[in-house]
Amino acid sequence: MYIGLLFTYGVTGSGKTFTMTGSPGEGGLLPRSLGMLFNSIGPFQAKRYVFKPDDKNGMEIQSQVDVFFPTLSFSFPLFTFAEEACKSGNVDEDCCYSVFVSYIEIYNNYIYDLLEEAPFDPIRPKPPQSKILREDQNHNMYVAGCTEVEVKSTEEAFEVFWRGQKKRRIANTQLNRESSRSHSVFTVKLAQAPLDADGDHILQDKNQVSVSQLCLVDLAGSERTSRTKAEGSRLREAGNINQSLMTLRTCMEVLRENQMCGTNKMVPYRDSKVTHLFKNYFDGEGKVRMIVCVNPKADDYEETMLVMRFAEMTQEVEVARPVDRPICGLAAGRRHRNQAFKEELSRRLAERGGPINAGDDPVLVTQLTESLPALPPCELVDPADDQTLPRLIEALEQRHRIRQMMVEQFHKTASTLKSMFEQFDGQLNAKETHLHDQQSKLNQKDKVIMNQRAEIERLEKKSKTLEYKVDILQKTTDMYEQDKRSLQQELETREQRLQRELSDKRRMEQRMQGMVTDTKLKWEKECERRVNAKQLEMQNKLWVKDEKLKQLKAIVTESSTGGGCITEHLDKPERPSRERDRNMPQKRSASPSPIPVSYLPLIPCFICVDLM
């Protein structure tokens, strides 16, 4: 049993639908896949209606009576397919195959069957009914009630595809004239059942039926409403498309984180119908492949970069491959031996020239034909011939006796062979039972080995993750050590600079102290000189004042003795002439007593020196 998922991913208008379907002259992924499938199983296909879906994601085998149905006819006016030699060499010839196809779309996070034949009511048309997801007995997700059509050729399968493609929702936007407004899923199922021990009929055992599946998914493109100018229903469709693609991206990121870091975070498959439908593929039940479609337009640069980053991230996600189980324990080459037996039987029948009963043994028939006596000539020439018929009757009686003897001998031999065969069957059954027990033990051992391998792979991944973390921590430590060394060097440099500055400051302080001392002495001498000069000046002024005071006292004394003269002058006042005024001594004002030099205050001198 093989399960595969192939989906196209890209921005709107990047050619995803064209990559999937192709053109009439050159087919895309879908017709090429169908062509390879039918080229591989062409001569081994079962009759139509031998396999029947059981509506539970499984297949049933019908009897020959139920298979008798009229064959459907299709017309194929759309595409023509050339015969291609591409085929798979890994096909079991001892099995019969049938192909079933289904086609669904996921629109606004609802699932619709595109192959469902709903009755048309022109008065009250009914909208299509959405389908629901269910889980089968093997915990695989499937669409309940989905139509599955059995096809026998590439043309018939592609005709069914186009019949559903006509119902798919497509709209015109500013970025794409035929923009897909939904995600489409075209599923191809290959039912496989082994032939019986004779290699002639299909083994009527449902447990031996194996169903392989290939899902071809055409994802709708992500788009920005600022560019598409979508409104109304188009805006709602774009929102649901972007939301489902974002959920797919989130699931991939969580899977990548769980695998690389050894965590066990829950993957949000149920947030979207797309991821919920294909959760088994991402959990390891099949192979997953993604085709990235890129538009070379410069306007799509930002969206294309996001698509490429997502594609780069998905390459780091690993999906475990499923383990194939054997279909049955019958010997190989049954179909080939049955075909060779039929060809030999047809050849011997042609040599005998007569019919063979269904119960006749071909070996016994050959012995009878070779051992019986030849018949005499049976041609009657004369009506009175009485010898030909008696000779013929005698020969026939002899042949009859010999036949009876051989039949008796055959029955005796058959009974002996039957007992031998029964004994051989008992031994073979015992060996088969022993082989089945050994096979079950081997399967258990294989399961243990697979679990151990899975545990080893998990531990290896965890070890790689831890080594990766250790490398990151080592690099971080090296960076911190380098930063520490650089900071220490910078600190030492600054300390040396600070020491130099401190020594320079101390030298500057000493120099400034010397300058202050010199300046202080200089100013003290200058102050002393100025004080002395001031004292001398004041003494001179006091002496002048004393002289003036003495002159004033003399004048006063003179005026008191010569009062009569003054009275005469007062009776007859005259304006003094200028010459007399000029010759008269000037009056001296009384001056205070001189202040001793010792009482003169000293004026302090302050010098401000900038030490900085």
Side-chain angles (χ1 to χ4, degrees), residues 473-612:
L473 291 175
Q474 187 65 34
K475 292 179 181 179
T476 306
T477 305
D478 294 340
M479 292 174 59
Y480 286 158
E481 290 291 338
Q482 186 177 0
D483 293 341
K484 181 181 177 181
R485 287 193 295 269
S486 61
L487 290 174
Q488 285 179 350
Q489 293 177 359
E490 185 178 358
L491 181 60
E492 292 175 356
T493 304
R494 292 191 177 184
E495 286 180 353
Q496 293 176 1
R497 186 185 303 171
L498 182 60
Q499 291 295 334
R500 289 196 299 269
E501 290 179 354
L502 289 175
S503 60
D504 293 341
K505 184 177 180 181
R506 284 193 294 268
R507 287 195 298 268
M508 182 64 70
E509 286 179 354
Q510 293 175 1
R511 188 183 303 171
M512 294 305 296
Q513 286 178 0
M515 292 177 63
V516 168
T517 304
D518 295 341
T519 307
K520 183 178 180 180
L521 293 174
K522 181 179 178 182
W523 279 104
E524 285 179 355
K525 291 179 180 179
E526 181 68 24
C527 289
E528 186 178 358
R529 185 185 62 81
R530 291 184 180 182
V531 168
N532 293 332
K534 196 68 174 177
Q535 287 178 354
L536 182 59
E537 182 182 358
M538 294 301 293
Q539 288 176 1
N540 291 332
K541 288 183 178 181
L542 288 175
W543 182 78
V544 172
K545 287 183 179 182
D546 289 339
E547 287 297 328
K548 289 182 179 181
L549 185 58
K550 289 178 181 179
Q551 292 177 5
L552 181 61
K553 286 180 178 181
I555 294 172
V556 171
T557 305
E558 289 178 359
S559 61
S560 60
T561 55
C565 296
I566 294 173
T567 305
E568 292 178 357
H569 289 299
L570 290 173
D571 293 336
K572 219 173 174 183
E574 291 180 1
R575 179 174 180 169
S577 63
R578 292 180 180 268
E579 186 177 354
R580 189 178 61 185
D581 293 338
R582 192 180 297 115
N583 293 328
M584 289 179 63
Q586 296 181 356
K587 295 182 179 180
R588 298 177 182 267
S589 62
S591 60
S593 60
I595 301 174
V597 178
S598 59
Y599 294 111
L600 293 175
L602 294 177
I603 302 173
C605 298
F606 298 95
I607 300 173
C608 293
V609 180
D610 189 4
L611 299 180
M612 299 301 293

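For this chain, numbers begin at 1 and follow the sequence in order. Computed from a predicted model, the values in this text were never measured in an experiment.
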Chemist: Given side chains that start at C-beta, do those of Lys553 and Val556 come closer than 4.5 Å, heavy atoms only?
Modeler: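 When only atoms from C-beta onward are counted, Val556 and Lys553 do not touch, as no gap falls below 4.5 Å.
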
Chemist: Under the salt bridge (Lys or Arg N to Asp or Glu O under 4.0 Å) test, which residues partner Lys541, sequence neighbours left out?
Modeler: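 By the salt bridge (Lys or Arg N to Asp or Glu O under 4.0 Å) rule, Lys541 matches Glu537.
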
Chemist: Taking side chain to side chain donor-acceptor pair (under 3.5 Å) as the definition, give me every residue that meets it alongside Glu501, ordered by chain and number, with sequence neighbours left out.
Modeler: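 Testing Glu501 for side chain to side chain donor-acceptor pair (under 3.5 Å), a comparison that skips the adjacent residues, returns none.
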
Chemist: Please enumerate all residues that pass side-chain contact (heavy atoms from CB on, under 4.5 Å) together with Leu473, with sequence neighbours excluded.
Modeler: none

Chemist: What residues form a side chain to side chain donor-acceptor pair (under 3.5 Å) with Asn540, not counting sequence neighbours?
Modeler: none

Chemist: By salt bridge (Lys or Arg N to Asp or Glu O under 4.0 Å), which residues pair with Arg506, not counting sequence neighbours?
Modeler: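 If we apply the salt bridge (Lys or Arg N to Asp or Glu O under 4.0 Å) test to Arg506, skipping adjacent residues, there are no hits.
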
Chemist: Could you measure the distance from the CG atom of Asn532 to the CD atom of Glu528? Nearest 0.5 Å is fine.
Modeler: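 Output value for this atom pair is 5.5 Å.
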
Chemist: Taking only residues two or more places apart in sequence, or in another chain, which ones meet Arg500 in a side chain to side chain donor-acceptor pair (under 3.5 Å)?
Modeler: none

Chemist: Pair up each side-chain donor or acceptor in residues 479-486 with any protein partner under 3.5 Å, not counting sequence neighbours, and list the distances.
Modeler:
| unit_1 | atom_1 | unit_2 | atom_2 | d |
| --- | --- | --- | --- | --- |
| Ser486 | OG | Gln482 | O | 3.2 |
| Ser486 | OG | Asp483 | O | 2.6 |

Chemist: Scan for salt bridge (Lys or Arg N to Asp or Glu O under 4.0 Å) pairs involving residues 489-499, sequence neighbours excluded, and state none if there are none.
Modeler: Glu490-Arg494

Chemist: Rounded to the nearest 0.5 Å, what's the gap from CD on Glu526 to OG1 on Thr519? Could you check?
Modeler: 12.5 Å

Chemist: Could you tell me the separation between the CD atom of Glu547 and the CG atom of Leu549, rounded to the nearest 0.5 Å?
Modeler: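 Going from the CD atom of Glu547 to the CG atom of Leu549 covers 10.0 Å.
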
Chemist: Under the rule for side chain to side chain donor-acceptor pair (under 3.5 Å), what residues qualify as partners of Arg511, not counting sequence neighbours?
Modeler: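 Side chain to side chain donor-acceptor pair (under 3.5 Å) check on Arg511 returns nothing, list empty.
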
Chemist: Can you tell me how far the CD atom of Gln489 sits from the OG1 atom of Thr493, to the nearest 0.5 Å?
Modeler: 7.0 Å

Chemist: Should Met512 and Met515 count as side-chain neighbours, where that means a heavy-atom distance under 4.5 Å?
Modeler: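 They are in contact (side-chain heavy atoms under 4.5 Å apart), so the answer is yes.
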
